[in-house]
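Counting starts at 1 for both ligands and their atoms, following the listed order. Residues take their numbers from the sequence shown, with the count starting at 1.
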Amino acid sequence: ACSRKNTRNAALHPLWQSPLTIPGGTRQSPINIQWRDSVYDPFLKPLKISYDPTTCLHIWNNGYSFLVEFDDSADRSIIVGGPLENQYRLKQFHFHWGAINDWGSEHTVDSKFYPAELHLVHWNAVDYPSFEDAVMEGNGLAVIGVFLKLGARHEGLQTLVDALPAVRHKDTVIEFDEFDPSCLIPSCPDYWTYAGSLTTPPLTESVTWIIKKKPIEVDEDQLEAFRMLLFTSDGEEERRMVDNFRPLQPLMNRTVRSSFR
Ligand SMILES: Cc1ccnc(S(N)(=O)=O)n1
Ligand SMILES: [Zn+2]
């Protein structure tokens, strides 16, 4: 008998006991980015990233991923330009990854999965009074997606990896300061952008996605450090935090634009 290709079994994943699809959803994420179908838009500006490392607060295992959260009470860590009408404030960043290196990213490029994907979540504090309000608005959020590929050790990521054992269990938190997440973003300016949604509940259609074309390199030990985290709280039967990605969603009536030819 032929061996069944190792397929991702996201449907049974604890993360997705909630509806896999949103009734009436027309701009859900993640999606496959078909490079040849993306449309170069010469009017797209370069994305300008200005993060203040002292706004970094803590790392928190929320039972889905681990989040690095920032003080977003003022415009101290912001992005502007790119496809965005105004500036957006950094709220948190987190990752999605697989049990093995064959998959783990949420978006794919020409149907290729990366072993992990970084999301830097920003909100539109110009138009909305809080993150919670912005989450409900079509132009409320901007998320930068960065693919992680297996390669050289990433020194900037290592400071984060060294802290992970302290947040192994769900609902644990550790103070984390003086971290500049721009060290996790490739210097190559090229990106794709499209109108989408959050990929974990509440799955609201409020995200302008900015997906960097170039991945960053991380090594096997660093990916393994993600995989030793737990979905479960201390005292519960341990379930390793892996495969915390949402299945691909239909493109429907959307065009993915590229900032590069
Ligand atoms: C803040 C937040 C909530 C839910 N989902 C996401 S994500 N994975 O779309 O970036 N971010
Ligand atoms: Zn995410």
Query raised in the report: Listing by chain and number, what protein N/O/S atoms are under 2.8 Å from the Zn ion (ligand 2)?
Result: His94 NE2, His96 NE2, His119 ND1

Report summary line: shortest atom 2 (C) of ligand 1-to-protein heavy-atom contact is with Leu198 CD2, 3.8 Å

Query raised in the report: For ligand 1, which atoms have a heavy atom of His96 less than 4.0 angstrom away?
Result: 8 (N)

Report task. Would you sort out whether Thr108 and Asn32 count as a side-chain hydrogen bond (donor to acceptor under 3.5 Å, both in side chains), showing the intermediate values? Result -> CA-CA 5 Å; Thr108 54; Asn32 175 51; 2.7 Å; yes

Query - Those atoms of ligand 1 less than 4.0 Å from some heavy atom in Val121 - result: 1 (C), 10 (O), 11 (N)

Query - Residues which pass ring pair (Phe, Tyr, Trp, His ring centres under 6.0 Å) with Phe179, listed by chain and number, not counting sequence neighbours - result: Phe93, Phe176

Report task. Quick one: sort the Phe260 and Trp192 rings into parallel, tilted or perpendicular, breaks at 30° and 60°. Result -> perpendicular

Query raised in the report: With atoms numbered from 1 as shown, which atoms in ligand 1 lie under 4.0 angstrom from a non-hydrogen atom of His94?
Result: 7 (S), 8 (N), 10 (O), 11 (N)

Report task. Quick one: list whatever passes side-chain contact (heavy atoms from CB on, under 4.5 Å) with Thr208, sequence neighbours left out. Result -> Pro83, Leu84, Thr193

Query raised in the report: Can you check side-chain hydrogen bond (donor to acceptor under 3.5 Å, both in side chains) on Tyr194 and Ser38, steps first, answer last?
Result: CA-CA 10 Å; Tyr194 77 97; Ser38 60; over 6 Å; no

**Report entry** Summary of ring pair (Phe, Tyr, Trp, His ring centres under 6.0 Å) pairs that have at least one residue in residues 152-175, sequence neighbours excluded
**Finding:** none

Query - Residue pair Ser130 / Asp133, side-chain donor-acceptor N/O under 3.5 Å - result: yes

Query raised in the report: Using a heavy-atom cut-off of under 4.0 Å, does the side chain or the backbone of Trp209 touch ligand 1, or both, or neither?
Result: side chain

Report task. Using a 4.0 Å heavy-atom cut-off, say whether Thr199 meets ligand 1 through its side chain, its backbone, both or neither. Result -> both

Report task. Please state which part of Lys91 comes within less than 4.0 Å of ligand 1, counting heavy atoms only: side chain, backbone, both or neither. Result -> neither

Report task. Fit a plane to each ring of Trp97 and Phe66, take the angle between them on a 0 to 90° scale, and name the class: parallel (under 30°), tilted (30 to 60°) or perpendicular (over 60°). Result -> tilted

Requested in this report: Measure the distance from atom 3 (C) of ligand 1 to every protein heavy atom, then report the residue, atom name and distance (to 0.1 Å) of the closest one.
Outcome: Thr200 OG1, 3.8 Å

Query raised in the report: Is it true that the side chains of Tyr88 and Asn139 contain a donor and an acceptor less than 3.5 Å apart?
Result: no

Requested in this report: Find all atoms of ligand 1 within a distance of less than 4.0 Å from any non-hydrogen atom belonging to Gln92, and give their numbers and elements.
Outcome: 1 (C)

Query - Stepwise salt bridge (charged side-chain N to carboxylate O under 4.0 Å, His left out) test for Asp72 and Arg89 - result: CA-CA 6 Å; Asp72 60 350; Arg89 255 182 223 172; 5.9 Å; no

